[in-house]
Amino acid sequence: MKKFFALIKKPTDVLEVYSIIEFYKIQDVTLCVKDLTWSTYPVLKKYCISKIKKKVSRFKIEKIYDKNIAKINWLKKLKSFNLVALPINTNRNFYEIFDRLKSNGTKTILISDGVIDSFNIIKYVLATRKNLIR
């Protein structure tokens, strides 16, 4: 059985995750929901349950705060999953583990944030370091 992990931060991410679950016929799903002021955990949790829980046999959902993302050993946390979907530009830790996950045989999927994701990694890092993107 394929194990799937996704970090979501807004309702449109839930739709992307739903599509991934449909396409790969996933039955074991773990979601980390980022709590934001404009997209709160209770609202996203309810939305995830209504969209995803009925499609899978195993479903786990956790809350994560932005300040805790950098403190987690993501490589260790994600190595037991076959598929991982991340909003890469959420934290630089995700850039650092992306290739290592792929080399371990984990299929990695980018949850897109639109225009920001059109930058390649180097341009994104340089732009954020120079505070050009807000």
By the definition side-chain contact (heavy atoms from CB on, under 4.5 Å), identify the one residue from F23, Y18, Y24 that meets it with I20.
Y24

Any residue meeting side chain to side chain donor-acceptor pair (under 3.5 Å) with K63, in chain and number order, not counting sequence neighbours:
Y65

Nearest heavy-atom neighbours spanning D28 and K3:
OD2-CG, 3.4 Å

What is the distance from atom CD1 of I69 to atom CD1 of I64, rounded to the nearest 0.5 Å?
4.5 Å

Could you pull out the closest heavy-atom pair between K77 and I72, with the gap in Å?
CD-CG2, 4.0 Å

Measure the OG1-CZ distance between T106 and R100 for me, rounded to the nearest 0.5 Å.
11.5 Å

CD1 of I97 to NZ of K102: how many Å apart, nearest 0.5 Å?
12.5 Å

Minimal heavy-atom distance between F81 and T30, with the atoms involved, is CE2-OG1, 3.7 Å

Would you give the length of the straight line joining atom NZ of K107 to atom CG of L101, rounded to the nearest 0.5 angstrom?
13.0 Å

Which side-chain N or O atoms in residues 41-58 pair as donor and acceptor under 3.5 Å with protein atoms at least two apart or in another chain?
| unit_1 | atom_1 | unit_2 | atom_2 | d |
| --- | --- | --- | --- | --- |
| S50 | OG | Y47 | O | 2.9 |
| K54 | NZ | S50 | O | 3.1 |
| K55 | NZ | E22 | OE2 | 2.3 |
| S57 | OG | Q27 | O | 3.2 |

Check whether any side-chain heavy atom of V29 sits under 4.5 Å from a side-chain heavy atom of F5, and report yes or no.
no

Do the side chains of V17 and L31 get nearer than 4.5 Å, heavy atoms only?
yes

Return yes if some donor-acceptor pair links the side-chain N/O of D13 with the main-chain N/O of K9 below 3.5 Å, else return no.
yes

Flag the pair L86 / T108 as yes when at least one side-chain heavy-atom distance between them is below 4.5 Å, and no otherwise.
no

Considering all heavy atoms, the nearest I26-K2 contact
CG2-O, 3.8 Å

